[in-house]
Amino acid sequence: MILSDADILRRLEDGDLVIEPLDDPDIQIQPASVDLRLGREFLEFQRTNIPSIHPNSEQEVEEYVEETVVEEGKEFILHPGDFVLGTTYERVEIPPDLIAHVEGRSSLGRLAIVVHATAGLCDPGFEGKITLELSNLGTAPVALSPGMRISQLTFTELKTPAERPYGEERGSKYQDQKGPQASKIQGDREFGGDQ
Ligand SMILES: Nc1ccn([C@H]2C[C@H](O)[C@@H](COP(=O)(O)OP(=O)(O)OP(=O)(O)O)O2)c(=O)n1
């Protein structure tokens, strides 16, 4: 079952679902979702001389990305074909009986802005800011302003709460992330062993 505005408000009041800061619930809470704002930190990918990125090489992944922090009142220009990691301004805590989906907003989709390339799922138990996989599929640069409502989160109730919520599992690599986080696939658990 997908939560409606009334369900979302009830869960927020109960305190097990957390979205903070929720400065203006009247604006941010939609009929069956919550709009999340864009933070000011971005990870941009370098046009490097590395012949290829090996996902298992932490060093290559780190060399590949560079952080930009947009100053107060300034914009981040996302050029056609660009792919950057952004972050939500809000921090969330998803309780064990909910799963959250990161979705785009139609108004930005109509400008060819995509907020998640592939991964759009926030696990039961996840806590932290959400990393946005931002791209511009259009033909014109688009100015993104920190603080603008960039994405929306929907919530689905699980039939039974997760027995091993994210964060309690070994290998919950993105728990408590505080800004855009590059891939930590090097931290994947090996089958049949510890990570
Ligand atoms: N666009 C997204 C999608 C997810 N997440 C966060 C919330 C998820 O609970 C967490 C892990 O997502 P996945 O399970 O899709 O990622 P992995 O399988 O790579 O990570 P892990 O091995 O830690 O489960 O990352 C995020 O910040 N931004």
Side-chain angles (χ1 to χ4, degrees), residues 2-3 8 11 16-22 28 33-45 53-58 60-62 64-65 67-68 76 78 82-106 108-109 113-137 144 146 148-158 161-195:
I2 295 174
L3 301 196
I8 293 169
R11 298 297 297 253
D16 57 348
L17 171 64
V18 174
I19 302 173
E20 60 184 16
L22 197 59
Q28 282 182 263
S33 64
V34 178
D35 282 352
L36 298 183
R37 290 166 288 177
L38 181 65
R40 57 180 66 255
E41 304 90 9
F42 296 85
L43 290 180
E44 296 184 78
F45 294 83
I53 305 296
H54 298 87
N56 279 333
S57 164
E58 193 174 347
E60 283 179 6
V61 171
E62 276 177 11
Y64 184 35
V65 294
E67 191 180 43
T68 300
F76 183 90
L78 194 61
D82 268 2
F83 176 76
V84 302
L85 298 179
T87 181
T88 58
Y89 175 64
E90 292 83 2
R91 181 183 171 280
V92 304
E93 290 181 17
I94 312 297
D97 67 329
L98 293 184
I99 195 162
H101 297 268
V102 187
E103 311 277 0
R105 289 187 62 207
S106 174
L108 285 163
I113 298 300
V114 174
V115 300
H116 73 84
T118 61
L121 195 144
C122 290
D123 293 281
F126 173 77
E127 298 183 8
K129 294 188 172 185
I130 298 169
T131 294
L132 302 169
E133 302 160 355
L134 296 165
S135 53
N136 178 352
L137 303 180
L144 301 177
M148 72 191 287
R149 286 180 290 136
I150 187 97
S151 67
Q152 54 186 331
L153 211 53
T154 63
F155 304 92
T156 307
E157 212 164 65
L158 304 182
E163 284 183 3
R164 296 186 302 171
Y166 200 78
E168 294 179 20
E169 263 289 84
R170 283 172 303 167
S172 301
K173 303 186 287 292
Y174 304 105
Q175 188 72 325
D176 211 28
Q177 61 191 6
K178 294 176 171 56
Q181 175 61 61
S183 176
K184 288 187 173 181
I185 199 165
Q186 325 84 22
D188 265 1
R189 273 193 293 161
E190 297 299 331
F191 286 102
D194 287 335
Q195 66 178 39

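Every number for a ligand or one of its atoms is a count from 1 in the order of the listing. Note that the numbering runs from 1 along the sequence shown for the chain. As a basis for the values below, the full set of heavy atoms in this structure was taken, side chains included, without hydrogen atoms, waters or symmetry mates.
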(message) Suppose we screen for side-chain hydrogen bond (donor to acceptor under 3.5 Å, both in side chains). Which residues come up paired with Thr156, at least two apart in sequence or across chains?
(response)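 Once residues adjacent in sequence are excluded, Thr156 has no partner under the side-chain hydrogen bond (donor to acceptor under 3.5 Å, both in side chains) criterion.
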Return the residue, atom name and 0.1 Å-rounded distance of the protein heavy atom closest to [atom].
atom	value
atom 4 (C) of ligand 1	Leu121 O, 3.2 Å
atom 11 (C) of ligand 1	Tyr166 OH, 3.5 Å
atom 6 (C) of ligand 1	Phe126 CE1, 3.8 Å
atom 21 (P) of ligand 1	Lys173 NZ, 3.3 Å
atom 2 (C) of ligand 1	Thr131 O, 3.3 Å
atom 14 (O) of ligand 1	Asp123 OD2, 3.4 Å
atom 16 (O) of ligand 1	Tyr174 CE1, 4.3 Å

(message) Does this structure show an ion pair linking Lys129 with Glu41, if we count only N-O contacts that are shorter than 4.0 Å?
(response) no
(message) Between Arg37 and Asp35, does any NZ, NE, NH1 or NH2 come within less than 4.0 Å of an OD or OE carboxylate oxygen?
(response) no
(request) Would you check whether Gln177 reaches within less than 4.0 Å of ligand 1, judged by its heavy atoms? (result) yes
(message) Can you tell me which residue among Thr118, Val84, Val115, Val114 is in a side-chain contact (heavy atoms from CB on, under 4.5 Å) with Glu133?
(response)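 Checked Thr118, Val84, Val115, Val114 against Glu133; only one passes side-chain contact (heavy atoms from CB on, under 4.5 Å): Thr118.
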(request) Provide the number and element of each atom of ligand 1 under 4.0 Å from a heavy atom of Cys122. (result)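 This gives 7 (C), 8 (C), 9 (O) as the contact atoms.
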(request) Using atom types as modelled and distance alone, determine if a side-chain donor or acceptor of Ser135 lies under 3.5 Å from a backbone N or O of Phe83. (result)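 Here the side-chain-to-backbone pair does not exist.
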(request) Could you tell me whether a side-chain N or O of Gln181 sits under 3.5 Å from a main-chain N or O of Lys178, the two making a donor and an acceptor? (result)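 No, Gln181 side chain to Lys178 backbone: no donor-acceptor pair under 3.5 Å.
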(message) Once rounded to the nearest 0.5 Å, what's the spacing between atom CG of Leu38 and atom CD of Glu90?
(response) 10.0 Å
(request) Report yes if Gly171 has an N/O atom closer than 3.5 Å to an N/O atom of ligand 1; otherwise report no. (result) yes
(request) Please confirm whether Tyr174 and Phe126 have ring centers closer than 6.0 angstrom. (result) no
(message) Tell me whether atom 18 (O) of ligand 1 lies less than 4.0 Å from at least one protein heavy-atom position.
(response)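 No, no protein heavy atom sits under 4.0 Å from atom 18 (O) of ligand 1.
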